[in-house]
Amino acid sequence: MQRPTPITTEIASRRRLFSTDHKVVGLQYFFLSLAAVLVGMMLSLLMRIHIIWPKATIPLLGEIKPENYLAYLTMHGTLMIFFVLSTAPQNGFGNYFLPLQLGASEMAFPRLNMAGFWITLLSFLVLLAAFFVPGGASLAGWTQYSPLSAIASAGPGQGLGTDLWLLSIALFCLASILSAINFITTTLKLRGRGMTLMRMPLTCWTWFVTAILTLLAFSVLLSAAIMLLLDRNAGTSFFVPSGLVVSGSPVEHAGGSPLLWQHLFWFFGHPEVYIAILPGMGMTSHLLSVFSRKPVFGYKAMVGATIAIGVLGFSVWGHHMFVSGMNPYAGFAFSTLTTAIAVPSAIKTFNWLGTLWGGHFRFTVPFLFSIGFVSLFISGGLTGPMLAQPALDIYLHDTYFVVAHFHLIMAMAGVFAIFAATYFWFPKMFGRAMNHRLGVLHFWFTLLGAYSTFMPMHLLGIAGNPRRYSELTGAQYVAALAPLHKFITLAAIITIGAQFLFLANFFWSMFKGAPAGENPWQCTTLEWRLSSPPQHGFGNNLPVVHHGPYEYGSAEWNGTAAQEDFLMQDAPANP
Amino acid sequence: MPRISEHVGIERKPKLGGGGPGKIPHRHGYGGGDDGDHGQRDDFVSPKDRLRRYRIGMAAAIVAFSTFFIGMAVSYLLRLGVTQWNPDLQKSVRDSHPLALPYLRLFINSLVLIMSSVTLDLARRGLLAKSEFSVMGIAPPKFKTEVPWLGITVILGFAFLIGQLLVWNIFRHQGIYLSSGTRSGFFYMLTGAHAAHLAGGLLVLLWASLSNFMRTRFESRQIAVEVTAWYWHFMGVLWILIFGLLHFSRG
Amino acid sequence: MINRSPDHPTIRSSDSSLLIFLSLLLITIVTVYLFAVHPWWFPAGVSSSSAGIDHQFVAALRVLGALFIAGQFLLGLVLLRSPSRKNRSSRGSWPLEITWTVLIACIFFWFNLAGNRLWSEIKLHLPEEDALQVEVTGTQFQWYFRYPGNDGKFGHTNPQRFARPEEGNPLGIDPDDPDGKDDIVSTSLVLPAGQDVDLILRANDVIHGLFIPAMRFKQDTVPGMTTHAHFKPLQAGSYEIACSQLCGLGHYRMRALIQVLTTIEFKQWLNSRHASGS
Ligand code: HEA
Ligand code: HEA
Ligand code: CUA
Ligand SMILES: [Cu+2]
């Protein structure tokens, strides 16, 4: 090496906790997300246990009361949507790999990036702190419908717990916006030479579009959260109507509109679910191509579908409000637009199948998880057009049918994408490979576990079981569903148990895994140019891109290196 | 090592494939960097590149701020349309607290803000002109009769904030608070959020004018002023829009 | 066919693809079995809109179920297919893209249209002339149903001033309003069969959701808003009402009964309530 000094300082700066290195920030986000998913997973375990054994005593926690159940539910939803699915795929993997895949050595604003992480961490801690304040965490669900969320006397967690929830979300919005600005600028300005937009890997495309969605959606949520905080603490009445009597005492507020909160929340909330899944879609497209050793089928159609989903995503929020008391005429518009957004999603599915068609498969663990993603996406997605029909949603709204829909398409598909990305990039991030056998075992348990947990929930919903019921003892027809609930709980316990296979594999491989080379999967994209883990970005060897990101299958070019079936993006143009 | 060649071509043009043949459009802004004077890397980024990058970042940020304020403004309009049953009057009523705006003060404040936008732009241009020198590697000259436009902007900015405080004070004396009605609530919230954003910009300007005396790199200062000018003009336009909204909805 | 990649154990791809194909098949078969045999399903629908909704649901289920089966099956199938040299260089095809886009759009919009027609039948029609008016109020965690009484008029309410659940006035009916004297407040919804009922939905504290599975009826009750919704019960019997919108810790037990009586029985019930009420 010619100049050792900058590298040593670089390594020193990587070791620092408050690092501005995008790789460190990416890993920090990743581990934050891992912590959040573990908490969220344990909460779902407690919820499932409480539903079928309401009187069970849990070690350390004692008996779970209905309000505890709702607090767990709120925290489960919030952690999973915000701190897992909006954090790991975008800010975790995105921070680490966006610059590298684009051929840059850093994000555009490294310090902003670092600030984003620390604000997110603060937001996470504020959220968890709600468990320890009087009354406990908020019990109004991740949607925090007003007036339940606006009036402190409406329930045990609706005091300080809800203030902390709102504060946490406001901080999260801020951090997400900072991070989105960074992603957008990086994609627009820091691409390496020759990296045209249409030569970006699809992962970069989805990170980019997701960043734009984040920018718009989270700023609206931020303003809504501020208004709700003011309603709660400054006596304004944005969302609280007049004439209420809560817990026997009159409420002072006058004239606010509960539906206004719902409109603002879902204007954010629907784009948010695409924020949660778009990076996963990008990773799936990427991995299917890599492990089929075949170019992505319909690259441009994929880019177009991503953009279409992003644009349409802002026009469908009302499908969450068909029975809210919204004008029934709005139902037609939202229903039609929602149906329209299902079309680009379907296009993606078809293109994934097209990518797989006739491929030379390498059945690695990330490939398995990507296949699982497609399967879960189809299963969960197809209930979408059903829910999008207001006439059917009358019955299905707020039942377990919806819970089944979003756990399959969002929770499980999203988590599968995270798993695929983790198994795929682990060698690059830690320089070692994860154990293949354990990974395969983990895949099978999780796939079958996910289906057995969430498929039966459709039937609960069809039988009319409402969501967010802490016990089945209320209505008799719900009590009759107990056997199915029991099955779901057992399936969930097994699924959750199987996650320890992943954790064990992850931490064991971090220290003991077989050393991975520079490019163990034989990929074309630029991050695989670097050593594993990358020490110094690209340094002075800035890559120049000559090829598209999916040059697999040797028929495509006039044989350079005959034994290889892929062409690095920065391989010389015309040898 | 990849060979560097300017003209890249793949012979057959793939129909939908991963990117077609292309020129190399991004001569600028590759290779990472840092947004400060510290930790300067060996992969040096030119000030022009940094400026472009910051401009894009600021443009994105402005989109976010706009959405934030549009969210509030739309809420305001929707909220004004809400009617609710009043059991004492036995009829549906709309929030009927009109808001008498202290126009004189508000006009003065607007004027101050517009002036600050002008002075900031003068400061920006001054620095831009100087930056030409620094690009050429010459130390920027010090002119004798240099008007401290940046300092004036900071003072005007503070004047605007104080003016807003006075407006709130007028309302406070009239007994109009955040919770006194829809219009007052949104008045405080919109002007408050605007003032808070403006204060943020002011901090940057303050830093830029003070850093004149510190050993900060000239380009950093220039970039800070350049993008803050965008931001400041945006806050100015936003203020006019908010003022208009408040005026036309005053009841 | 064995693929060797340098850093990974040898994977026999034909075994893996068969395994995946079979398990996707298993998942599909079990799912289809569940939905076909449906050990848990809708309660029998007993309102005038039940048949339409059930029919539309089954139609949607058939179409989407077919797509589900096709999708999972194709996913398994492409994995089974032996590698092909020809397809390997394929980067896509616009004719194919356009075909499936148009195809799937037609399918989705076809039954979106059917769904919208149903929605307009349910929501855009005014209640029938002789509809019975009942006011529904959701409170934490109890439903109240108010009938206007003989005068056909509801008394004014002002919950903030008059609501005294313990004194038998949970809704805060104005004691000085003559219209309110003969109002009947019940904790179960009693209705005559075959008559349209026009519900006036309100809430006094937080949002609740009036969910009557047997009537295929659901509507949120939003505080500060009065929502109208109507349905027509067709069959006498006793059914359950649940709360579908998260309203606090007692959400799960906010249950009520709906009793559909014959017209004569309903008259008798009204009279008996009048007698006991005044
Ligand atoms: C990642 C998250 C995610 C995604 C991608 C989606 C995707 C979709 N969602 Fe979902 N949704 C949620 C997350 C998500 N949703 C969440 C979290 C909620 C609940 C929020 C709450 O209340 O808490 C929800 C709720 C929800 C509702 C409200 C239900 C209710 O509360 O009453 C509706 C209604 O329209 C809806 C519709 C849709 C539609 C039409 C799609 C479409 O985009 C789906 C498109 C996909 C497909 C259509 C599948 C494509 C596959 C094929 C077409 C098969 C191909 C066939 C062959 C190959 C032969 N969703
Ligand atoms: C990402 C989203 C996500 C995920 C993964 C899950 C996972 C699970 N969820 Fe959750 N859930 C929600 C999002 C999610 N959920 C939301 C938004 C709600 C609505 C809240 C509300 O109503 O307000 C909800 C509500 C909800 C309910 C409804 C309760 C009710 O309405 O009364 C139930 C009930 O069974 C439930 C159960 C489960 C179970 C058993 C799992 C299990 O699958 C858990 C098993 C976990 C895994 C298989 C994931 C393991 C993943 C990792 C280890 C990832 C590793 C991470 C990195 C590498 C960074 N969830
Ligand atoms: Cu009332 Cu839920
Ligand atoms: Cu949605």
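Numbers restart at 1 for each chain; the letters A, B, ... are given by sequence-line order, proteins then strands.
A:Trp444 touches chain C through its side chain: at least one heavy atom from C-beta onward sits under 4.5 Å away, while N, CA, C and O do not. The part of A:Phe367 that comes within reach of chain C is its side chain, from C-beta onward, which places non-hydrogen atoms under 4.5 angstrom from that chain. For A:Ala346, the part lying under 4.5 angstrom from a heavy atom of chain C is the side chain only. Proximity to chain C (any heavy atom under 4.5 Å) is restricted, for A:Ser146, to the backbone atoms N, CA, C and O. Within the 4.5 angstrom heavy-atom criterion, atoms from both the backbone and the side chain of A:Ala340 approach chain C. The parts of A:Gln476 that come within reach of chain C are both its backbone and its side chain, each placing non-hydrogen atoms under 4.5 angstrom from that chain. Proximity to chain C (any heavy atom under 4.5 Å) is shown, for A:Arg468, by both the backbone and the side chain. With a threshold of 4.5 angstrom between heavy atoms, A:Asn68 does not approach chain C through any atom at all. Contacts between A:Leu448 and chain C at a heavy-atom distance below 4.5 Å involve the side chain alone, from C-beta outward. Contact annotation for A:Tyr451: only side-chain heavy atoms (C-beta onward) come within less than 4.5 Å of a heavy atom of chain C. For A:Tyr145, the part lying under 4.5 angstrom from a heavy atom of chain C is the side chain only.
The side-chain heavy atoms of A:Phe361 and C:Ser16, taken from C-beta on, include no pair separated by under 4.5 Å. Counting only heavy atoms from C-beta outward, the side chains of C:Met225 and A:Pro258 never approach each other to under 4.5 Å. Contact of the C:Leu96 side chain with the A:Phe350 side chain is not registered, since no non-hydrogen atoms from C-beta on lie closer than 4.5 Å. With a 4.5 Å cut-off on side-chain heavy atoms, A:Leu244 and C:Asp205 do not count as touching. Contact check for C:Leu64 versus A:Thr383: no side-chain heavy atoms found under the 4.5 Å cut-off. At a threshold of 4.5 Å between non-hydrogen side-chain atoms, the residues C:Arg91 and A:Tyr299 do not count as touching.
With chain C as the partner, the residue from A:Leu447, A:Ile371, A:Leu368, A:Val374 showing the most heavy-atom pairs under 4.5 Å is A:Ile371. When the candidates A:Gly155, A:Gly141, A:Ala154 are compared by the number of heavy-atom contacts under 4.5 Å with chain C, A:Ala154 comes out ahead. Taking chain C as the reference chain and counting heavy-atom pairs below 4.5 Å, the highest number among A:Thr473, A:Leu259, A:Leu484 is found for A:Leu484. Each of A:Leu356, A:Thr143, A:Ile394, A:Leu70 has some count of heavy-atom pairs under 4.5 Å with chain C, and the biggest count is that of A:Ile394. Comparing C:Leu257, C:Asn204, C:Thr227, C:Ile53 by heavy-atom pairs within less than 4.5 Å of chain A, the highest count is held by C:Asn204. With chain C as the partner, the residue from A:Ser375, A:Gly325, A:Pro385, A:Gly157 showing the most heavy-atom pairs under 4.5 Å is A:Ser375. Chain C forms the most heavy-atom pairs under 4.5 Å with one residue out of A:Pro66, A:Ser249, A:Gly464, A:Gly243, and that residue is A:Gly243.
The side-chain hydrogen bond (donor to acceptor under 3.5 Å, both in side chains) test applied to A:Gln144 returns A:Ser138, not counting sequence neighbours. Partners of A:Ser470 under the side-chain hydrogen bond (donor to acceptor under 3.5 Å, both in side chains) rule, at least two apart in sequence or in another chain, do not exist in this structure. Under the side-chain hydrogen bond (donor to acceptor under 3.5 Å, both in side chains) criterion, A:His397 pairs with no residue at all, not counting sequence neighbours.
Residues of residues 112-120 of chain C lying within less than 4.5 angstrom of chain A, judged on heavy atoms, are C:Asn112, C:Gly115, C:Asn116, C:Leu118, C:Trp119, C:Ser120 in numerical order.
A distance below 6.0 Å separates the ring centres of C:Phe211 and A:Tyr395. Between A:Tyr69 and C:Tyr252, a ring centre-to-centre spacing not shorter than 6.0 Å is recorded.
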